[in-house]
*Asks:* 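Here it is: the structure, laid out below.
For clarity, every value in this text was computed on a predicted model and none was experimentally measured. Chain A is the first sequence line, chain B the second, and so forth, proteins listed ahead of strands; every chain is numbered from 1.
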There are 4 protein chains.
Amino acid sequence: MTEAHIEARRNQIIEAARACFLERGFHATKIQDIAKVAGLSTGAPYRYFESKDDIVAAMCSEALDRHRRRFGTLDLAATSRSIFEELSTVYLAAAHEPGAKDTARLTLQVWEESTHSDNTGEALRADFNLIQTHVAEIVKQAQARGEIDNNLDPPSVAQTMVSLVLGLIVQRAAGVAVEVDKYEEATRSLVTGKLWNATAGEKQSTTNPT
Amino acid sequence: MTEAHIEARRNQIIEAARACFLERGFHATKIQDIAKVAGLSTGAPYRYFESKDDIVAAMCSEALDRHRRRFGTLDLAATSRSIFEELSTVYLAAAHEPGAKDTARLTLQVWEESTHSDNTGEALRADFNLIQTHVAEIVKQAQARGEIDNNLDPPSVAQTMVSLVLGLIVQRAAGVAVEVDKYEEATRSLVTGKLWNATAGEKQSTTNPT
Amino acid sequence: MTEAHIEARRNQIIEAARACFLERGFHATKIQDIAKVAGLSTGAPYRYFESKDDIVAAMCSEALDRHRRRFGTLDLAATSRSIFEELSTVYLAAAHEPGAKDTARLTLQVWEESTHSDNTGEALRADFNLIQTHVAEIVKQAQARGEIDNNLDPPSVAQTMVSLVLGLIVQRAAGVAVEVDKYEEATRSLVTGKLWNATAGEKQSTTNPT
Amino acid sequence: MTEAHIEARRNQIIEAARACFLERGFHATKIQDIAKVAGLSTGAPYRYFESKDDIVAAMCSEALDRHRRRFGTLDLAATSRSIFEELSTVYLAAAHEPGAKDTARLTLQVWEESTHSDNTGEALRADFNLIQTHVAEIVKQAQARGEIDNNLDPPSVAQTMVSLVLGLIVQRAAGVAVEVDKYEEATRSLVTGKLWNATAGEKQSTTNPT
DNA sequence: GATGAATGAGACTTCATTCAT
DNA sequence: TATGAATGAAGTCTCATTCAT
């Protein structure tokens, strides 16, 4: 068949797999479940994928691609402060989408899978590194402008920023009740240093006097 | 035999299971693997556990208990600022321990498992809620003292703090190279509002002019 | 596949199971034995049956159906005397068939199984009750015609008639050498009151003097 | 220990086994069940029996001994008619005892077991043959006195008599509601030729005219 | 002799994968 | 190319039996 047909079938299967994985997890999902949800026969998936693991890997890689596409759009040319807001916004775009909680649960599975799969693991690390590099670059620019403490390690700061996104995913996946708007607000305050009231400024300047 | 013996055997098996799960993950671990690592025969685990799932659940619950014990010690009577440091310290105590990266990988599995298991899921939510409640309480105290913006929702702020811990676990589990000391430093700056230089104070004071 | 195909496979498996059960008994028969005898692979039976117990139950139920079909044909409209002969005949039809002794052994297993299985037990009781009801009805008709002692309880008389059939099954299953023709002749004499010579009539007429 | 002690322990175990077998059947009964019911440790039965099969065999043989003792008492010297009554009486003594229905269920298991076990099978056949021989002898005596049709085969007649006993066991084991007194009455009528009313005498004499 | 924890062979069952139609 | 029945390797779990205490 045509290349397009094959691609369409693959996506159809991956989509079915996603639904099943969400419902039951990777290892509790049978190939037959996937086939049934995809409206195909038991043997059909094997025309488009090597094995069940291959489907899992494809689904993971597809999920990671999605992430990469989303987070890969951070604009390095923007000013540091608005960039932090962009980080927040980019994240929130995902967190506000319908089914975001399901996506979170699936993401958790992908992360877990990456722990045991070399390929998925490598892809995930590449993903994380891409985002971290972007954010770190922004931090450096801010440091160059004298806005951020030069003693701080840009990659490490970037990792804390990334954690604010990842941690939300974890909590939502775990079923913690998160009010995304408020979480966003708190994140923004944290990331832009507005958490603390100016009137309490002296207190926080103990170790960093002006 | 004695209650103590039974408990010892259960722990021995859970410990073996932990090692196997870390090595291969839940579903790739065979009961025989666990038995072998525990130095027992194939059927022995079934004297102490109902089934493989029971072992998984026990191992998860044990891991969550450990977390709860660790994070349940936050001192609500302390001042807000030192409390943030305590949060950091409590977390860092875990992140600096040998095998912390392994623990992170295991934690990811527990989280994933909780997505499909009612019991583990409930325990995990209880865990997260406990921490969140503690941190939120601290935030409220800081707000009462006028240190933190009263417009922010304490639970949401707490969730961002928790994310800084969870996100680190995710990144380490994923194999991202994290320098824990520097991550700690960045976290501290973020949480205590010291990320931004005082000289850049005007910029962050948009909503809170001095 | 088609409904017919499924039914055919089920019968094929039940038939194989019957052979195995006969050879080794229920509990000594492995699923693999059944599969092998049926010319199938290890897992095949599970497409058509829930479990080994399900196969046993199906086989029992099939055996009981067979009985019911055979004994359910008694003709209530016939006269009492020829009915007893019909009972004998119906029974003998089964006892004379090739493999009747094997069937007897299998029947013993079904009875035994019914002692522990609610479903099979219920089916067996229904089976016995059906026959008993038929025979009892015949007895009543004979009593109405004044042929049989009205003091006798029809169901109980029916049970003794049934015993003449069941007892033969037991003895043959146990390996007792039974000459079916002669057993039939003795049964007929017993059931039709011809056991005793007319010349000895006075002796048996203690309670029923001519 | 003393011979008596060993015998006592064996009986204790056999008794426990009987209770378990009755509850669950042979193959569903675990050695540990038997040990528990007997108030012994898991390993204890192995001091007194070779294996589980050995316990089953012992229990069967014990049950058969009991039967043999009961039915072996038939008095060959008595007159034929009272002998049939004795047969009935001997049987009824067993059927009227408390727990007779349980005994019947267990007997069914023994019969079934005898189908697969050479030893038990041989013992059962010996049992049946003993009874049959006794009854056949009585029949012969009656024939010699001209009371019973000389054309009938004594062993076959005996087998029908035995069936009246075995069939009751089957029906009771199967859970059919049997009123033993009435069954006895019907049996007596059947065996002593009193089933048919004398007034219907002509009808039954079709083939045996005086 | 007694105990009962431990053993481990073996049964049941599942399900990824194949292949005849 | 699609189907889905069949395959059979492999895992979970059981329980008769052993043996150190």
Side-chain angles (χ1 to χ4, degrees), chain A residues 1-2 5-6 9 27-36 38-56, chain B residues 1-2 5-6 8-9 13 27-36 38-56, chain C residues 1-2 5-6 8-9 13 27-36 38-56, chain D residues 1-2 5-6 9 27-36 38-56:
Chain A
M1 279 271 158
T2 78
H5 172 77
I6 290 177
R9 272 275 193 275
H27 67 281
T29 295
K30 305 176 227 175
I31 282 283
Q32 309 208 354
D33 294 332
I34 297 174
K36 195 172 297 173
L40 298 172
S41 67
T42 307
Y46 287 89
R47 288 217 146 265
Y48 304 96
F49 295 93
E50 291 281 328
S51 64
K52 181 182 173 180
D53 280 352
D54 194 20
I55 296 178
V56 170
Chain B
M1 272 213 171
T2 79
H5 173 79
I6 290 175
R9 270 277 186 276
I13 291 165
H27 69 283
T29 295
K30 295 176 271 182
I31 284 283
Q32 294 218 355
D33 295 333
I34 297 175
K36 198 171 296 173
L40 298 170
S41 66
T42 312
Y46 290 93
R47 252 193 175 277
Y48 304 94
F49 296 94
E50 291 278 329
S51 63
K52 180 182 173 180
D53 279 353
D54 194 20
I55 295 178
V56 170
Chain C
M1 273 212 171
T2 78
H5 173 79
I6 290 175
R9 269 277 187 275
I13 291 165
H27 69 283
T29 295
K30 295 176 271 182
I31 284 283
Q32 292 219 356
D33 295 333
I34 296 174
K36 197 170 296 173
L40 297 170
S41 66
T42 312
Y46 289 92
R47 249 191 179 279
Y48 304 94
F49 296 94
E50 291 278 328
S51 62
K52 181 182 172 180
D53 278 354
D54 194 20
I55 296 179
V56 169
Chain D
M1 278 271 157
T2 78
H5 173 78
I6 290 177
R9 271 276 193 274
H27 68 282
T29 294
K30 306 177 226 173
I31 282 284
Q32 309 207 352
D33 294 334
I34 297 174
K36 196 173 295 173
L40 299 172
S41 68
T42 307
Y46 287 89
R47 288 217 148 265
Y48 304 96
F49 294 95
E50 290 281 327
S51 64
K52 181 182 174 181
D53 281 352
D54 194 19
I55 295 177
V56 171

*Asks:* Could you tell me which non-hydrogen atom of A:K52 sits nearest to which non-hydrogen atom of A:H27, and how far apart they are?
*Replies:*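 So the minimum-distance heavy-atom pair works out to NZ-O, 3.9 Å.
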
*Asks:* Closer to the 5' end of DNA chain F via nearest nucleotide, is it D:H27 or B:K30?
*Replies:* B:K30

*Asks:* Let me spell it out: for each of C:I31 and A:K52, pick the nucleotide of DNA chain E with the closest heavy atom. Which residue's pick is nearer the 5' end?
*Replies:*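 Counting from the 5' end, the first nearest nucleotide belongs to C:I31.
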
*Asks:* Between E:dT14 atom P and A:D33 atom CG, what is the distance in whole Å?
*Replies:*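 Nearest whole value for this atom pair: 13 Å.
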
*Asks:* Starting at CZ of B:F49 and ending at P of F:dT14, how long is that distance when rounded to a whole Å?
*Replies:* 15 Å

*Asks:* Rounded to whole Å, please give me the gap between CD in C:Q32 and P in E:dA11.
*Replies:* 8 Å

*Asks:* Whole angstroms only, please: what is the CG-P distance between D:L40 and E:dT3?
*Replies:*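 Checked: the CG to P distance equals 6 Å.
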
*Asks:* Specify the closest pair of heavy atoms between D:T42 and D:I31, including all atoms of both residues, with the distance to one decimal.
*Replies:* O-CG2, 3.9 Å

*Asks:* Which whole-number value in Å describes the distance from B:I55 CD1 to F:dT12 P?
*Replies:*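 So the two atoms are 9 Å apart, to the nearest Å.
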
*Asks:* OP1 or OP2 of E:dT3 versus the side-chain N and O atoms of D:S41: is any pair under 4.0 Å?
*Replies:* yes

*Asks:* Kindly indicate whether the side chain of A:V56, heavy atoms from C-beta on, has any atom under 4.5 Å from the side chain of A:T29.
*Replies:* no

*Asks:* Taking the nucleotide of DNA chain E with the closest heavy atom to each, which residue, B:G39 or A:G43, is nearer the 5' end?
*Replies:*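 Of the two residues, B:G39 wins.
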
*Asks:* Can you tell me if the side-chain N/O atoms of C:R9 get under 4.0 Å from OP1 or OP2 in F:dA6?
*Replies:*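 Result: yes.
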
*Asks:* Out of F:dA16, E:dT3, E:dC12, which has the shortest distance to the side chain of D:A44?
*Replies:*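 The answer is E:dT3.
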
*Asks:* OP1 or OP2 of F:dA2 versus the side-chain N and O atoms of A:Y48: is any pair under 4.0 Å?
*Replies:*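 Yes, because at least one side-chain N or O of A:Y48 sits under 4.0 Å from OP1 or OP2 of F:dA2.
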
*Asks:* Which base, if any, makes a Watson-Crick or G-U wobble pair with E:dA20, both distances under 3.5 Å?
*Replies:* F:dT3

*Asks:* Quick one: OH on D:Y48 to CZ on D:R9, what's the gap to the nearest 0.5 Å?
*Replies:* 4.5 Å

*Asks:* Figure out the CG/C1' separation between D:D53 and F:dA16, and round it to whole Å.
*Replies:*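 Interatomic distance, CG of D:D53 to C1' of F:dA16: 10 Å.
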
*Asks:* Reading DNA chain F from 5' onward, which residue's closest nucleotide shows up sooner: C:R47 or C:T42?
*Replies:* C:R47

*Asks:* Over all heavy atoms of both residues, which pair between C:A35 and C:S41 is shortest? Give the atoms and the distance, please.
*Replies:*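 So the two residues come closest at CB-O, 3.3 Å.
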
*Asks:* Could you tell me the separation between the CD1 atom of C:I34 and the C1' atom of E:dC12, rounded to a whole number of Å?
*Replies:*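 In whole Å, E:dC12 C1' and C:I34 CD1 are 11 Å from each other.
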
*Asks:* Taking the minimum atom-to-atom distance to the side chain of C:Y46, which one of E:dC12, E:dA6, F:dT7 wins?
*Replies:*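 When the side chain of C:Y46 is considered, E:dC12 is the closest of E:dC12, E:dA6, F:dT7.
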
*Asks:* Looking at E:dG4, I'd like to know if its phosphate oxygens (OP1 or OP2) sit under 4.0 Å from a side-chain N or O belonging to B:H5.
*Replies:*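 Answer no for this pair, as no side-chain N or O of B:H5 is under 4.0 Å from OP1 or OP2.
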
